[in-house]
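What follows is a short report on a single structure.
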Amino acid sequence: MTKLQPHSSFIPPMSSPIRAPTWVSTRRQLELKVSELHKCSNLPHLKQIHAQIFKANLHDDPFVAPKLVSAFSLCHQLRIAINVFNQVQFPNVHLYNSLIRAHTQNSQQSQAFTTFLDMLKNGVFPDNFTYPFLLKACIGTCSLEMVQMIHTHMIKLGFFADIFVPNSLIDSYCKCGVIGVSSARKLFMVMEDRDVVSWNSMVSGLIKGGLLEEARQMFDEMPERDVVSWNTMLDGYVKARDMNSAFHLFEKMPGRNVVSWSTMVSGYTKAGDLDMARLLFDKMPVKNLVSWTIMISGYAEKGFIKEAICLYNEMENSGLELDDGTIISILAACAESGLLALGKRVRSSMVAAGFRCSTAVTNALIDMYAKCGCVEKALAVFQGMSERDLVSWNTIIQGLAMHGDGLTALKLFYRMKQAGFEPDKITFIGILCACTHMGYVDRGVGYFYSMERDYYIVPQIEHYGCLIDLLGRGGRLKEALEVVQNMPMEPNAVIWGTLLGACRLHYPEELAQEVLKHLVKMNPAEAGNLSMLSNIFAAAGDWANVANVRRAMKNIGVQKPSGTSTLDLDGEVHEFTVFDSSHPNSEDIYQMIHLLRPQLKKPGYAPRLT
DNA sequence: GTAGGGTTAG
């Protein structure tokens, strides 16, 4: 007989999760459904159960309502979750907790805090679940001060007996940068009872703070290690690109699981060792969706299109059902390396499977089309979207700007505002880029100054970079230099490089020399800078200085890596560099170039040789 | 509460 577990007076446990939607007739059956409700991710089914709950007058039951809120939150139906909450006259702490979490899950962090304040105002006392949920709302949006405030509150009310509470505090501190990590360490030191999660959170925090050595020390000191401890340490080495140490640890590791193997595969793909990655991938005792995703994206990111497509087909044939993460990952990898063929392949299988595209998936698709040169397709996908978010607008604006259709990009900027979206710092990168490509210098400068004035966005160094590029390409080098000299932050190598790029277009020799002094000081071995400088001198006919720079390059022992072009032809990628003769059809290719050259000159093509 | 893939810029 199945052993019954202790449970609430109302809901018995259930062994299997909710599956196909079926009409439940008895109250007993409904109770069974409700007990698993918080795991339900099927929206139509959820709505059906909601209706039955309502009919049975259980919607304000103190046990049912929090589960409903959690379920609707999981299905990204925050509106409905809030409505469910509002149906309850006297919400208890569980219901408040689930609404706080619902807001965080649906990216409404500030509303999570508002809910917490409402809760206090209404005299409902927080419990040991409230704080971990509230701390989650701090991640990514709030500062250290916020976590400190919650910490203080927790001390006042005293929930530290539950190990979940200090553990989640350690984690939150660690996600607030290096200072946060030291606060976490202080807390960790004074904790009386630490469990393996406390140790793991601390090791993970040290790794995130870049303190790999100290993390290893703590890992070695741990009284007990579980599979998460090992995997955390493994990932630390992987993220630091130290594959030797990672492999060493991996070999020693007891009880490796699918995450351990995937971490290693991911590490080797990122290090560019696709052979080793594939070797481990093939040896994996168990593969899941994430492992496949890592290997396929790894191939795609590095331009191994045949292998990527082949493995993608294999994954589909193995019967695994793709999720958002898989599709977004692969599309992002295609976008990065311009693998349109795989991107198209992914899309066609999405269509064939009737995959319901979330906004994030569609955004990734738009970005893939745009970065692979199909701006029209990107625009068509964007226009067909039923629900757009800020990322959708930013992606299409950036895509259009990159391809020189700055006019459409700027038009969409206005439409975006009409649709009620507030531009953010990324939007302005796209807008400034659009103006640069169109040569709208004054208009771009106007947008730059409107950022802080009209939108309360303080320009960052990237925005200054865009402004310098805008002025520089527009030939207003003096103003560009003034921006560099007067901007509120120290100019970095990218800023000076941008200015140098402008010099390359307009040949002001003196300025170029000035810029270069800064650049060489910052990054003396950067061959690209030196070779660009030598080109500027060459264009000005200053051969003595050309020789000086060349000599400097030789002395430092740098050589500018050749630029390459890649072509994707019927799913096969061909790579070319200048004076390259490694391609099997090299002779034919050069013959064709000779044939094409005079024809290209006719409409006015003049290759730039400097 | 701790571990592997995940959309926009740089």
Side-chain angles (χ1 to χ4, degrees), chain A residues 128-129 131-133 135-136 162-172 174 195-205 207-208 225-236 238-239 253 256-267 269-270 284 287-298 300-301 322-333 335-336 357-368 370-371 388-399 401-402 423-433 460-466 492 494-495 498:
Chain A
N128 50 337
F129 282 86
Y131 289 100
F133 290 165
L135 284 166
K136 268 255 189 264
D162 181 357
I163 190 80
F164 263 72
V165 174
N167 282 354
S168 60
L169 197 52
I170 289 180
D171 182 51
S172 306
C174 287
D195 68 357
V196 67
V197 178
S198 333
W199 283 89
N200 289 348
S201 305
M202 211 48 246
V203 171
S204 157
I207 289 171
K208 281 192 197 91
R225 291 177 204 98
D226 64 4
V227 65
V228 177
S229 331
W230 286 88
N231 287 342
T232 305
M233 200 59 236
L234 210 56
D235 193 49
V238 162
K239 294 262 155 71
M253 177 177 175
R256 294 181 285 224
N257 65 6
V258 62
V259 177
S260 334
W261 285 87
S262 303
T263 304
M264 291 304 290
V265 173
S266 161
T269 61
K270 297 224 165 76
M284 283 180 81
K287 293 184 188 65
N288 63 12
L289 202 52
V290 177
S291 356
W292 284 91
T293 305
I294 291 169
M295 194 65 232
I296 295 168
S297 312
E301 216 173 282
L322 307 193
D323 70 355
D324 280 26
T326 306
I327 293 173
I328 292 171
S329 281
I330 299 177
L331 288 177
E336 190 164 316
C357 283
S358 64
T359 309
V361 169
T362 315
N363 293 344
L365 190 65
I366 294 171
D367 190 46
M368 185 277 294
K371 296 234 169 85
R388 304 184 183 106
D389 61 9
L390 187 57
V391 177
S392 326
W393 289 96
N394 286 348
T395 309
I396 192 67
I397 287 174
Q398 179 68 27
M402 252 172 13
D424 68 356
K425 54 188 179 181
I426 299 170
T427 318
F428 279 101
I429 303 258
I431 292 303
L432 293 172
C433 176
Q460 296 175 335
I461 194 154
E462 291 84 359
H463 298 105
Y464 282 96
C466 291
N492 59 15
V494 177
I495 295 289
T498 306

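The model shown is predicted, which means the values in this text are computed figures rather than measured ones. Convention: sequence-line order gives letters A, B, ...; per-chain numbering from 1.
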- [ ] Identify the two heavy atoms, one from A:I366 and one from A:I396, that lie closest to each other, and give their separation to 0.1 Å.
- [x] CG2-CD1, 4.0 Å
Task: Pair A:S358, A:D324: side-chain N/O donor-acceptor within cut-off below 3.5 Å - done: yes
- [ ] Between protein and nucleotides 3-10 of chain B, map the contacts as a letter string: B base, S sugar-phosphate only, - none, heavy atoms under 4.0 Å, written 5' to 3'.
- [x] BBBBBBBB
Open item on the list: Whether the A:N200 and A:D226 side chains hold a donor-acceptor pair (N or O, under 3.5 Å, no angle test) is what I'd like checked.
Closed with: yes
TODO: Using only heavy-atom distances, determine whether the side chains of A:S198 and A:D195 contain a donor-acceptor pair under 3.5 Å.
DONE: yes
Open item on the list: Please find the pair of heavy atoms, one from A:T362 and one from A:C357, that lie closest to each other, and give the distance.
Closed with: OG1-CB, 3.4 Å
